[in-house]
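One structure is given below, encoded as C-alpha cells.
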Amino acid sequence: MGGDRTMTKADIIESIYEKVGGFSKKESAEIVEAVFDTIKETLRSGEKIKISGFGNFVVRAKKQRMGRNPQTGTPIVIAERRVLTFKPSQVLKNALNQRKPGRDEGQTKAPPVSSTTA
Amino acid sequence: MREDPPGRKVPPMTKSELIDAVAQRTNITKSRAEMVVNCIFDSMAEALQRNDGIEIRGFGSFTVREYKPYSGRNPRTGSPVDVAEKRLPFFKVGKELKELVNTPDAPAVGAAVAPGIDTDDDDDDDDGSES
C-alpha cells in the first residue's frame, strides 16, 4: 500500500529549509506562506494557475440550478457560484503510475484485463 | 477588481509568473523564488507518488485515488478498450479557499446559498479532473 502519511505545510517548510537552504526556518515559513497566499489571491480574482509538471487550478463558474435538500427532498435553488477544481498534469499522472514520463496515457497499451477481476 | 461573467476567459497565471510574484512579495531574488516554488511542488508530487496525502490548511488537500482496471470504450470509435488500473491525484478545496473563490474581491456577495443545502454535495459536476 505504501504511504499513509499526510504531508502538511510544516513538512513543506522543512524541505524548503533543508533543500533550498540559506533561509532560516522562520523565513522558510514566511516564504511558503507567501506562495500559497499568492495562489489563493490569484484564484480569488478568477484567474487560473498553471503549474507545469503538477497541474492546473481552475476556477469555474457554476450556473444557478435546481437541487434538492437531500434530507427532506424539498426542491431548492442552488445559487450560481464559483468552484475551484484541480486538473493534474499528465506528468504528475504518469509519475503516480510509474510510467515513462511521456504523454497521453490513452495511447499506452493497457495490459489486458482478466475477466476474473471484477 | 475583475468582474468576469461566467464563461469569460481570464488569462492564466503560469508558474513563472507565480515565481515573479513571490519574489516581489518576499523580497528574494527570482532564482531563489524559483527554487522555492519548484521545491514546493516537487515535494508535493513526491508525497503523492509515495501515496501520501497532503493537507495545506486554508488551501486544500490532495489524496491519491486508486482505480481498478475496467474495460471501457473508445468514445470515438466505440471499440472496446481495456483500461489498466491507475492512480490519480484528487484535490479537495479547503473551506477558506472555497469561500474565497466564491467571493471575488467584493466582500461577501450575499452568497445566497439556499439554507439547508450543503454546497458540499457537489462532488459530481464540479469535478473537472477528467479520468
Side-chain angles (χ1 to χ4, degrees), chain A residues 1-9 12 15-16 19-20 30-32 34-36 38-40 42-54 56 58-63 67 69-71 76-88 92-93 95-97 110-113 117, chain B residues 1-2 4 6-7 10 12-15 18 21-22 25-26 28 35-37 39-41 43-45 47-57 59 64 68-71 82-84 86-89 91 93 97-98 100-102 104-105 111-114 116-117 119 121 126-129:
Chain A
M1 254 244 216
D4 295 303
R5 291 195 60 248
T6 300
M7 169 181 260
T8 63
K9 215 186 281 174
I12 294 176
S15 54
I16 297 296
K19 291 186 190 154
V20 178
E30 284 166 358
I31 293 167
V32 169
V35 172
F36 286 106
T38 305
I39 294 174
K40 284 195 269 186
T42 303
L43 293 170
R44 183 190 191 185
S45 75
E47 202 174 330
K48 72 158 106 156
I49 306 213
K50 298 172 78 160
I51 307 294
S52 58
F54 191 79
N56 299 346
V58 186
V59 178
R60 320 185 116 168
K62 308 294 286 184
K63 293 206 192 83
N69 179 332
Q71 301 279 284
I76 218 163
V77 176
I78 299 174
E80 116 184 332
R81 68 209 195 284
R82 289 173 168 200
V83 297
L84 175 62
T85 60
F86 172 68
K87 185 167 186 292
L92 180 60
K93 289 200 267 183
L96 292 194
N97 293 285
V113 183
T117 14
Chain B
M1 92 200 211
R2 235 193 274 248
D4 57 328
V10 188
M13 174 185 254
T14 61
K15 188 164 80 175
L18 173 63
V22 169
R25 183 174 188 143
T26 57
I28 61 177
M35 287 192 264
V36 169
V37 169
C39 183
I40 290 177
F41 289 104
S43 50
M44 286 166 65
L48 295 173
Q49 278 182 66
R50 290 192 301 267
N51 236 11
D52 286 349
I54 305 172
E55 205 176 309
I56 310 290
R57 204 167 299 166
F59 188 76
V64 177
K68 294 197 175 122
Y70 61 94
S71 57
D82 286 330
V83 180
K86 60 187 170 188
R87 303 196 300 145
L88 288 175
F91 175 68
V93 62
L97 182 54
K98 181 177 186 167
L100 211 60
V101 160
N102 205 23
D105 294 324
V113 176
I117 278 267
T119 43
D121 65 39
D126 294 340
D127 208 311
S129 12

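In what follows, chains are A, B, ... by sequence order, proteins preceding strands, each numbered from 1.
Checking side-chain atoms of B/D52 against main-chain N and O of A/T6 turns up no donor-acceptor pair under 3.5 Å.
Across every non-hydrogen atom of A/M7 and B/M44, the tightest pair is SD-CA, 4.1 Å. The two residues A/R44 and B/L100 have their closest heavy-atom pair at CG-O, 3.4 Å.
Counting heavy-atom neighbours within 6.0 Å of B/E55 CD, excluding the residue itself, gives a total of 12 or less.
Legend: residues meeting salt bridge (charged side-chain N to carboxylate O under 4.0 Å, His left out) with A/K9, ordered by chain and number and at least two apart, are A/E33. Residues meeting the side chain to side chain contact (heavy atoms under 4.5 Å, CB included) test with A/S15, sequence neighbours left out: A/K19, B/C39, B/S43.
Side-chain contact check for A/T38 versus B/R25: some heavy-atom pair is nearer than 4.5 Å. Proximity of B/P12 to A/I49: side-chain heavy atoms (C-beta onward) are nowhere separated by under 4.5 Å. Between B/V36 and A/V35 the shortest side-chain heavy-atom distance falls below 4.5 Å.
For chain A, the nearby part of B/V37 is the side chain; its heavy atoms alone come within less than 4.5 Å. With a threshold of 4.5 angstrom between heavy atoms, A/L92 approaches chain B through side-chain atoms but not through N, CA, C or O.
In this structure, the separation between CZ on B/R87 and CG on A/N97 is 6.5 Å, given to the nearest 0.5 Å. Distance check, rounded to the nearest 0.5 Å: CG of B/L97 to CZ of A/F36 gives 11.0 Å. With values rounded to the nearest 0.5 angstrom, B/F59 atom CZ is found 5.0 Å from A/I39 atom CD1. B/K98 NZ to A/L43 CG: the interatomic distance, rounded to the nearest 0.5 Å, is 15.0 Å. Atom CG of A/L96 is separated from atom CG of B/N51 by 8.0 Å, given to the nearest 0.5 angstrom. A distance of 11.0 Å separates CZ of A/R5 from CD1 of B/I54, quoted to the nearest 0.5 Å.
The choice from B/L18, B/T26, B/I56, B/V64 that makes the most heavy-atom pairs within less than 4.5 Å of chain A is B/I56. Between chain B and the options A/V32, A/T42, A/N56, heavy-atom pairs under 4.5 Å are most frequent for A/T42.
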- Task: Might you work through the side-chain contact (heavy atoms from CB on, under 4.5 Å) test for A/K93 and B/L88, ending with a clear yes or no?
- Result: CA-CA 6 Å; A/K93 289 200 267 183; B/L88 288 175; 3.3 Å; yes
- Query: Should B/V93 and A/F86 be marked as a side-chain contact (heavy atoms from CB on, under 4.5 Å) after you check the CA-CA gap, both sets of side-chain angles, and the distance that decides it?
  - Reply: CA-CA 9 Å; B/V93 62; A/F86 172 68; over 6 Å; no
